[in-house]
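Written out below as structure tokens is the structure these notes cover.
Note that the structure is a prediction, hence the values are computed from the model and not measured. The basis for the numbers below is simple: all heavy atoms, side chains too, and nothing from hydrogens, waters or symmetry mates.
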Amino acid sequence: MIEGWSVVPERAAVDAAGPNVEVVHGDGVTFAYGADALVVIVDAGDRPHGNAVDNANTLVLREPLPSEATQWISSKNESNQPLLGFVKMADGCLALGELYQARSIYRGMNPYTGEQGSLTFAELTWGARLPPELLDKVRPTPTLPVPGIDWLNDVPQDLIRALRSFLTAWYADVPVLPATPKHAAMKLPAPLLAFHDIAAGREEILGRQDFIEPLDRIEYLEDEPLVVFAAENQGVWVALIDPTDDDPVVWYDGGPERLRERERLSGFLLQFALNEAVNTSPFTGFATVTTEVLDRFVEDLVPVPLQPMRVPGDPTHHWVAPGLVAMAADYGESGIWLSVGSRQRSALRPLRSRLDWEQFNG
């Protein structure tokens, strides 16, 4: 075993809870509650939507969880008992040490009394990060097919085709659900109608970080011939277009004065889709970098041949590789924020050693 990390028999992991231990099992996880501690033993493996090690120092629990376990976690907050973590491997249980709740979500919390409801999600962290070779053992990542980047060839001459190709491939794993057709109250440009056509039955494509307005919610501004068709998630800006133009200029409204985007609507929609791919994909990474570090990082990536975007930072650039989108937003004195996203963890794995990531679950 790697220096600084120990593996103990499963019985010893359970016994770490102390006398009078109670044990319950969930999907890929075991909970042991005793007089001394609450023990969480998660099975080794890559389960992006289940109970598993998510990255080098984070373990994630998701519903459904045994009711006893949710009660123990809640009571642990009051009793100050330690929460101890282990990963069940073929040769025993890897000891992670004491876990801390970084984030928890409860269903049915009483807003008046503050009483917690049922635990539905928890991120548990520990101090020392697992080295890459050990992370590969506790979270072996399968190599799966990833979408290509042939759509880049269409960017110079057919942005709608490029947009359709990118979105169709990127969200190929998202089922198309039956959807009632929606209609706008006015004639809209072809790029925006195409975006909605691609997104029909897959609302995720309309955005989870920022969003494109549903067709039936697109409205004219009061006393102006412009419509609001997109918005930032906290209301910092809304995006405006002249719906009578075939490929209109995009304006941001929300600051001291309106700001014109560099690309017209067809380019904006592709860049919006790339932003969402980075920010809302299940596997992501984030780091603050210098210009020199960014230049080295993107050497093996392909730049998207569009003018830099004005949001979320000005300028914002995009690069791609099979199954991967990278975005660098310049925030001036706050630095350059580099983010990467993928729908397959294996596409991010080669990036693990390139940077000292502030957040990374590849």
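Salt bridge Glu10/Lys88: present, at least one basic N to carboxylate O contact under 4.0 Å. A salt bridge between Asp246 and Arg264 is absent, with no side-chain N of the basic residue lying under 4.0 Å from a carboxylate O of the acidic one. In this structure, Arg352 pairs ionically with Asp136, as a charged nitrogen and a carboxylate oxygen lie closer than 4.0 Å. Classification of Asp330 and Arg310 as a salt-bridged pair fails, no side-chain N sitting under 4.0 Å from a carboxylate O.
One N or O on the side chain of Glu232 and one on the backbone of Gln234 form a donor-acceptor pair closer than 3.5 Å. No donor-acceptor distance shorter than 3.5 angstrom exists from the side chain of Glu123 to the backbone of Ala102, with no hydrogens or angles considered. Panel note: side chain Gln344, backbone Thr143; no donor-acceptor pair is recorded below 3.5 Å. In terms of modelled atom types and a separation under 3.5 Å, the side chain of Asn361 and the main chain of Thr284 share a donor-acceptor contact. In this structure, the side chain of Trp126 engages the main chain of Ala128 through a donor-acceptor pair within 3.5 Å. Not one N or O on the side chain of Asn279 forms a donor-acceptor pair closer than 3.5 Å with the backbone of Gly341. Looking at Glu276, its side chain does come within 3.5 Å of a backbone N or O of Arg208 through a donor-acceptor pair. The main-chain N or O of Glu213 is found under 3.5 Å from a side-chain atom of His196 such that the two form a donor-acceptor pair. Side chain of Gln81 to backbone of Gly34: a donor-acceptor contact under 3.5 angstrom is found. The backbone N or O of Arg139 sits nowhere less than 3.5 Å from a side-chain atom of Asp46 that would complete a donor-acceptor pair.
Within 6.0 Å of atom CG in Asp295, more than 12 heavy atoms from other residues, nucleotides or ligands are found, so the atom counts as buried in its surroundings. Around atom CZ of Arg217, no more than 12 heavy atoms belonging to other residues, nucleotides or ligands sit under 6.0 Å away. Heavy-atom neighbours of Asp173 CG from other residues, nucleotides or ligands within 6.0 Å: above the threshold of 12. By the 6.0 Å contact criterion, CD on Glu203 is open, its count of non-hydrogen atoms from other residues, nucleotides or ligands being 12 or less. Few gaps surround CZ on Arg258; more than 12 heavy atoms of other groups in view lie less than 6.0 Å from it.
For Arg164, the side chain to side chain donor-acceptor pair (under 3.5 Å) partners are Asp197, not counting sequence neighbours. Evaluation of the ring pair (Phe, Tyr, Trp, His ring centres under 6.0 Å) rule for Trp337 yields Phe286, Tyr331 as partners, not counting sequence neighbours.
Each of Thr30, Val39, Ile41 was evaluated against Val23; a single residue qualifies, Thr30, per the side-chain contact (heavy atoms from CB on, under 4.5 Å) test. Checked against Leu301 for a side-chain contact (heavy atoms from CB on, under 4.5 Å), the options Ile149, Leu324, Val320 give a single hit: Leu324.
In the hydrophobic clustering of this structure, Phe211 does not group with Leu240; members are Ile, Leu, Val, Met, Phe, Trp, Tyr whose side-chain heavy atoms approach within less than 4.5 Å, directly or through other members. At a threshold of 4.5 Å between side-chain heavy atoms, the hydrophobic network of Ile, Leu, Val, Met, Phe, Trp and Tyr places Val60 and Phe283 in two separate groups. Residues Leu65 and Leu99 are members of one and the same hydrophobic cluster, defined by side-chain heavy-atom contacts under 4.5 angstrom among Ile, Leu, Val, Met, Phe, Trp and Tyr. Using a 4.5 Å cut-off between side-chain heavy atoms of Ile, Leu, Val, Met, Phe, Trp and Tyr, with links allowed through other members, Val302 and Leu294 fall into different hydrophobic clusters. Criterion: ILVMFWY side-chain heavy atoms under 4.5 Å apart, direct or through other members. Under it, Val249 and Leu221 are part of a common hydrophobic cluster.
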Start with the C-alpha distance between Asp43 and Met89, add both sets of side-chain angles, then the distance that settles side chain to side chain contact (heavy atoms under 4.5 Å, CB included), and finish with yes or no.
CA-CA 7 Å; Asp43 293 351; Met89 301 163 59; over 6 Å; no
List the steps, then state whether side chain to side chain contact (heavy atoms under 4.5 Å, CB included) holds for Asp300 with Arg354.
CA-CA 12 Å; Asp300 299 331; Arg354 288 200 189 183; 3.3 Å; yes
Report the C-alpha distance between Leu124 and Leu83 in whole Å, list the side-chain angles of each, state the deciding distance to 0.1 Å, and finish with yes or no for side chain to side chain contact (heavy atoms under 4.5 Å, CB included).
CA-CA 9 Å; Leu124 307 177; Leu83 178 61; 4.0 Å; yes
Test side chain to side chain contact (heavy atoms under 4.5 Å, CB included) applied to Val304 and Trp151, step by step:
CA-CA 10 Å; Val304 177; Trp151 55 270; 4.2 Å; yes
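Note that CG of Leu226 and CG of Asp223 are 11.5 Å apart. Values are rounded to the nearest 0.5 Å. Atom CG of Asp54 is separated from atom CZ of Arg47 by 11.5 Å, given to the nearest 0.5 angstrom. We find the OG1-CG distance between Thr58 and Leu130 to be 9.5 Å, quoted to the nearest 0.5 Å. Remark: Asp154 CG to Leu163 CG distance equals 11.0 Å, nearest 0.5 Å. Note that CG of Leu269 is 11.0 Å distant from CG of Leu274, once rounded to the nearest 0.5 Å. Note that CG of Asn51 and CG of Leu59 are 8.0 Å apart. Values are rounded to the nearest 0.5 Å.
For an aromatic pair to be called close, the ring centres must be under 6.0 Å apart, and Phe297 with Trp357 satisfies this. Between Phe229 and Phe195, a ring centre-to-centre spacing not shorter than 6.0 Å is recorded.
A donor-acceptor contact closer than 3.5 angstrom is absent between the side chains of Asn57 and Thr125.
Residues Ser339 and Val278 share a closest heavy-atom pair of CB-CG1, 3.3 Å. For Val227 against Met186, the heavy-atom pair with the smallest separation is CG1-CE, 4.0 Å. Residue Asp36 comes nearest to Pro19 through the heavy atom pair OD2-CD, 3.6 Å, listed as atom of the first residue, atom of the second, then distance. Taking every heavy atom of both residues into account, Pro315 and Pro308 meet most closely at CB-CB, 3.6 Å. Considering all non-hydrogen atoms of both residues, Thr288 and Ser334 come closest at CG2-O, 3.9 Å. Of all heavy-atom pairs between Asp210 and Ala231, the closest is CB-O, 3.4 Å.
Geometrically, Arg202 does not engage Tyr171 in a cation-pi contact, judged by NZ or CZ lying under 6.0 Å from the ring centre and within 45° of the ring axis.
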